S.K.: 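Mind looking over this structure? Questions follow.
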Amino acid sequence: MTTPRRPRPRAALACGAGLAVVAALTQTGAAGAQTAPAATTAAGSTTVSPAGHSFAATLNGKATFKAGSVTATCTASISKPSDDSTGNRIPDAPGNQNPSGPVTSPINAPTYTGCTASIPGVTATVVTSGTWQVSMQNGSPITATLTIPTGGFVLKSTGLANCTITAAPAAAADIAATYTNGSPAKLTVSNASAPVKVEGGFGCPTSATTSVFNAVYDVTDTTDPGSQITVSD
């Protein structure tokens, strides 16, 4: 699958900012011939504040992943700064600003625990890896694009159905989300589609090529808990 083009940020964020969640931009609309090129609108300016602050993204509620007839539900997930990584950090000024597009940054791969499968007698685990990325674009609504590296999300089920579901199996993939400023700020992924490869035997949805992801994350400032992570123009 070809990763959708995103506007080029003015500066690559040092290492970190944002939140992680999974997969590719949901494609909407029907394919068909057009008599004229679609009109395009230049991306507006974006500022992510406070510059240089680190932050965490913590699951609010449950995260669900559905591939074919299998739905996995996880009750805990977090992406946070760590001592051995520069992820989850807003870039220092002026890198936290882009006059004509999103602000982009690597983030630490989120962890997922407390996962169950919709099939009786089956348990589920999620393993994430690699460098993830988030791009924040000011607007109405504020949008976010989360990028999973190739093979960076693997869901395995064991028991009556032994399946392996790999997101972004052939190339890095993006998922679309919305961001809401607040205390805490929220990153919402709603019915985002991700390319997947399903392997396994009986009971595994091996014909599925996409997975649908839903989750809401609270985004908090870990440098100064009294501050909020905000996106503006």
Side-chain angles (χ1 to χ4, degrees), residues 3-28 41 43-51 53-61 63-65 77-81 87-91 95-110 112 128 130-149 152-153 167-168 172-194 212-222 228-233:
T3 304
R5 170 179 286 182
R6 297 188 306 277
R8 183 180 178 184
R10 184 180 65 180
L13 308 192
C15 256
L19 180 258
V21 190
V22 280
L25 286 171
T26 302
Q27 301 298 316
T28 60
T41 302
S45 62
T46 300
T47 300
V48 182
S49 302
H53 282 215
S54 297
F55 61 89
T58 306
L59 182 66
N60 183 332
T64 61
F65 314 86
S77 176
I78 189 169
S79 175
K80 61 183 179 180
N88 294 70
R89 182 178 180 275
I90 299 171
N96 68 316
Q97 300 175 324
N98 186 346
S100 58
V103 172
T104 303
S105 172
I107 59 174
N108 296 323
Y112 293 90
T128 57
T131 301
W132 294 45
Q133 179 176 281
V134 65
S135 297
M136 307 294 285
Q137 173 65 60
N138 185 54
S140 182
I142 300 168
T143 58
T145 300
L146 290 107
T147 303
I148 299 181
F153 179 97
D174 298 334
I175 58 171
T178 57
Y179 190 86
T180 306
N181 292 323
S183 180
K186 293 190 183 296
L187 184 74
T188 302
V189 181
S190 181
N191 293 323
S193 177
V212 177
F213 177 59
N214 286 277
V216 177
Y217 285 84
D218 292 336
V219 181
T220 55
D221 189 324
T222 60
Q228 285 80 48
I229 305 299
T230 61
V231 178
S232 59
D233 58 15

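Just so it is clear, the structure is predicted and the values come from calculations on it, not from any experiment.
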S.K.: Roughly how far, to the nearest 0.5 Å, is the CG atom of N88 from the NZ atom of K80?
M.R.: 10.5 Å
S.K.: Using the side-chain contact (heavy atoms from CB on, under 4.5 Å) rule, take S49 and I229 through it: C-alpha gap first, then chi angles, then the decisive distance, then the call.
M.R.: CA-CA 6 Å; S49 302; I229 305 299; over 6 Å; no
S.K.: Can you name the nearest heavy-atom pair linking P50 to Q228, along with the distance?
M.R.: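 Of all heavy-atom pairs spanning P50 and Q228, the closest is CD-O, 3.5 Å.
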S.K.: Please report the interatomic distance OG(S45) to CG(N98), rounded to the nearest 0.5 Å.
M.R.: 8.5 Å
S.K.: I'd like to know if the side chain of S54 and the backbone of T222 have a donor-acceptor N/O pair within less than 3.5 Å.
M.R.: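 Side chain of S54 to backbone of T222, a donor-acceptor pair under 3.5 Å: no, none is there.
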S.K.: To the nearest 0.5 Å, what is the distance between CG on N181 and OG1 on T230?
M.R.: 5.5 Å
S.K.: Give the minimum heavy-atom separation between V231 and N138, together with the two atoms involved.
M.R.: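 The pair with the smallest heavy-atom distance is O-OD1, 3.8 Å.
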S.K.: Would a distance-only check, ignoring hydrogens and angles, find a side-chain to backbone donor-acceptor pair under 3.5 Å from T131 to P106?
M.R.: no
S.K.: In terms of side-chain heavy atoms, does Q137 have a donor or acceptor partner in T46 at a distance below 3.5 Å?
M.R.: yes
S.K.: Which heavy atom in P81 sits nearest to a heavy atom in N108, and how many Å separate them?
M.R.: CA-ND2, 3.7 Å
S.K.: Shortest non-hydrogen contact from A109 to G130?
M.R.: CB-O, 4.0 Å
S.K.: Does the plane of the ring in F65 sit parallel, tilted or perpendicular to the ring in F153? Use 30° and 60° as the thresholds.
M.R.: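 Tilted: the ring planes of F65 and F153 meet at 30° to 60°.
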S.K.: Taking atom OG1 of T143 and atom CE of M136, what is their separation to the nearest 0.5 Å?
M.R.: 8.0 Å
S.K.: Please give me the minimum heavy-atom distance between V103 and G95, naming the atom from each residue.
M.R.: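 Taking V103 first and G95 second, the nearest heavy atoms are CG1-O, 4.1 Å.
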S.K.: For K186, enumerate each residue passing the side-chain contact (heavy atoms from CB on, under 4.5 Å) test, keeping only those at least two apart in sequence or located in another chain.
M.R.: N60, P184, V216, D218
S.K.: Begin from the C-alpha positions of L187 and L146 and carry the test side-chain contact (heavy atoms from CB on, under 4.5 Å) through to its verdict.
M.R.: CA-CA 10 Å; L187 184 74; L146 290 107; 3.8 Å; yes
S.K.: How would you list, by chain and number, every residue that makes a side-chain contact (heavy atoms from CB on, under 4.5 Å) with T180, sequence neighbours excluded?
M.R.: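 Here no residue qualifies.
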S.K.: So which heavy atom on D233 is nearest to which on T47, and how close?
M.R.: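 Scanning both residues, the minimum pair turns out to be O-OG1, 3.0 Å.
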S.K.: Distance from Q133 atom CD to I148 atom CD1, nearest 0.5 Å?
M.R.: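 It is 12.0 Å, given to the nearest 0.5 Å.
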S.K.: Under the side chain to side chain donor-acceptor pair (under 3.5 Å) test, which residues partner D221, sequence neighbours left out?
M.R.: H53
S.K.: Is the backbone N or O of I90 less than 3.5 Å from a side-chain atom of N96, with the two atoms forming a donor-acceptor pair by type?
M.R.: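 Not confirmed, N96 side chain does not pair with I90 backbone.
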